[in-house]
Asker: 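Sharing a structure with you now.
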Amino acid sequence: LTISLNYGDSTVLNNGKVLSGEIVMVISAPRNSQDYSRLVSFNDFSVDSMLISGTSEVVVDKLDSTFRKLESEMTFIYPDGTIVTRSAERVWQWLAGLDTPEIQSDDVVVITGEVTGTIVWPDGTEETYSKTIATPLKRLAMCRYMVEGEVEVRVGGSTVSILDYGYNESGEDCDHYALLTTDAGDEVIDLSEKHYNGLAKQKMQQNQHQYSGENGNQN
């Protein structure tokens, strides 16, 4: 199945966003199939004045222990000339429960992957960033939160933050706490409150300003 969303030269949404260009989705089979893939391509697509190009593909094989894989290669060009290129890969793998498809409560999944990118500022200077699953993330079927694993964010080659989901547990118990480590020290984060996303973003933005000097236009 191929689905094309063609917004033409200018389509104004109800929220005021202006879209143009085309998004093409190629889906190999229904989602309830044993295996399928979904490839999304952005062709001369833009949101307001930001140009987006590239592809993103998800491949699923429900009978393989490596049952889901995401790969994407994207480029974003901002109105001021800033260019961001971003590559991502993430793999979901069954650690337990694959042989009992009728019982979901025993499912254990580990997740690995990395996002890397390069920012080219209008004056030609470059800056790199990455978000890496340094230690595989572990998820239990009956738990809303990760129970193990570390995610490291780096900007300009230096570590900005490390989020440790299993710092105080064995990986077999479900809790909603993680440890966020930044230059300011360690802080226990309550994942149920979802405050850590904003805090981590703030820490990262502060670090980016330090590395980019006068090019402090990351937002």
Side-chain angles (χ1 to χ4, degrees), residues 1-3 23-43 52-76 84-118 128-154 159-181 189 191 194 196-197 200:
L1 175 65
T2 299
I3 302 173
I23 300 175
V24 178
M25 292 176 281
V26 180
I27 304 170
S28 66
R31 292 190 62 173
N32 58 0
S33 302
Q34 172 183 317
D35 54 72
Y36 67 91
S37 64
R38 182 178 72 249
L39 175 65
V40 181
S41 302
F42 298 85
N43 304 322
I52 302 173
S53 61
T55 60
S56 178
E57 183 175 27
V58 173
V59 178
V60 175
D61 185 348
K62 296 179 181 178
L63 297 183
D64 189 344
S65 62
T66 303
F67 71 97
R68 179 182 174 92
K69 184 176 183 179
L70 166 68
E71 292 183 305
S72 70
E73 297 286 341
M74 302 292 297
T75 299
F76 306 86
V84 178
T85 57
R86 179 183 183 276
S87 299
E89 178 178 297
R90 180 167 286 200
V91 175
W92 290 258
Q93 186 170 14
W94 252 301
L95 192 64
L98 180 61
D99 56 347
T100 55
E102 71 283 357
I103 303 174
Q104 296 183 356
S105 59
D106 64 351
D107 290 354
V108 180
V109 173
V110 292
I111 305 171
T112 57
E114 182 179 32
V115 175
T116 60
T118 300
T128 60
Y129 68 91
S130 65
K131 183 178 181 181
T132 305
I133 300 177
T135 303
L137 303 177
K138 183 178 180 181
R139 172 160 247 168
L140 309 178
M142 305 306 291
C143 184
R144 181 179 178 183
Y145 310 101
M146 302 294 178
V147 297
E148 275 187 5
E150 293 184 355
V151 177
E152 180 183 21
V153 176
R154 297 174 64 87
T159 299
V160 173
S161 66
I162 298 176
L163 188 62
D164 183 358
Y165 288 95
Y167 78 103
N168 66 342
E169 294 291 345
S170 64
E172 302 301 327
D173 299 317
C174 180
D175 76 64
H176 52 89
Y177 295 103
L179 183 69
L180 180 66
T181 300
I189 303 299
L191 301 174
K194 299 183 179 180
Y196 72 97
N197 283 328

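Below, each value reflects all heavy atoms present in this structure, side chains not excepted, and no hydrogens, waters or symmetry copies. Position 1 is the first residue of the sequence, and the numbers go up from there.
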Asker: Kindly indicate whether the side chain of Leu191, heavy atoms from C-beta on, has any atom under 4.5 Å from the side chain of Met146.
Answerer: no
Asker: Just verifying a value: how many Å separate Ser56 OG and Ile23 CD1, rounded to the nearest 0.5 Å?
Answerer: 11.0 Å
Asker: Taking only residues at least two apart or on different chains, which pairs with a member in residues 24-41 satisfy salt bridge (charged side-chain N to carboxylate O under 4.0 Å, His left out)?
Answerer: none
Asker: What distance separates Glu152 CD from Thr159 OG1, expressed to the nearest 0.5 Å?
Answerer: 3.5 Å
Asker: Applying side-chain hydrogen bond (donor to acceptor under 3.5 Å, both in side chains), can you list everything that pairs with Thr132, at least two apart in sequence or on another chain?
Answerer: Glu114
Asker: Tell me whether Arg154 contacts the main-chain N or O of Ser161 through its side chain, where contact means a donor paired with an acceptor under 3.5 Å.
Answerer: no
Asker: Hey, does Phe42 have a side-chain heavy atom less than 4.5 Å from the side chain of Met74?
Answerer: yes
Asker: Could you tell me if the side chain of Val24 sits less than 4.5 Å from the side chain of Thr2, heavy atoms only?
Answerer: yes
Asker: The criterion is side-chain hydrogen bond (donor to acceptor under 3.5 Å, both in side chains); which residues satisfy it with Thr181, sequence neighbours excluded?
Answerer: Asp186
Asker: Among all residues two or more places apart in sequence or in another chain, which pass the side-chain hydrogen bond (donor to acceptor under 3.5 Å, both in side chains) test with Ser28?
Answerer: Ser37
Asker: With rounding to the nearest 0.5 angstrom, report the OH to CG distance, Tyr145 to Asp175.
Answerer: 9.5 Å
Asker: For Glu89, check side-chain hydrogen bond (donor to acceptor under 3.5 Å, both in side chains) against everything at least two apart and list the hits.
Answerer: none
Asker: Compare every heavy atom of Thr85 with every heavy atom of Tyr129, then report the nearest pair and how far apart it is.
Answerer: OH-O, 4.2 Å
Asker: Can you tell me how far apart CD1 (Ile27) and CD1 (Ile3) are? Round to the nearest 0.5 Å.
Answerer: 4.5 Å
Asker: Only pairs at least two apart or in different chains count here, so list each side-chain hydrogen bond (donor to acceptor under 3.5 Å, both in side chains) that has a residue in residues 61-71.
Answerer: none
Asker: Can you confirm whether Glu148 sits close enough to Thr135 that some side-chain heavy atom of one is under 4.5 Å from a side-chain heavy atom of the other?
Answerer: no
Asker: Can you tell me how far the CD atom of Gln34 sits from the CG atom of Leu63, to the nearest 0.5 Å?
Answerer: 4.0 Å
Asker: Nearest 0.5 Å please: distance from the CG atom of Asp164 over to the OH atom of Tyr177.
Answerer: 15.5 Å
Asker: Could you tell me whether the side chains of Glu73 and Thr55 share a donor-acceptor contact shorter than 3.5 Å?
Answerer: no
Asker: Taking the side chain as everything from C-beta on, heavy atoms only, tell me whether Val60 gets closer than 4.5 Å to Trp92.
Answerer: no
Asker: Tell me which one of Leu179, Val151, Val147 satisfies side chain to side chain contact (heavy atoms under 4.5 Å, CB included) with Tyr165.
Answerer: Val151
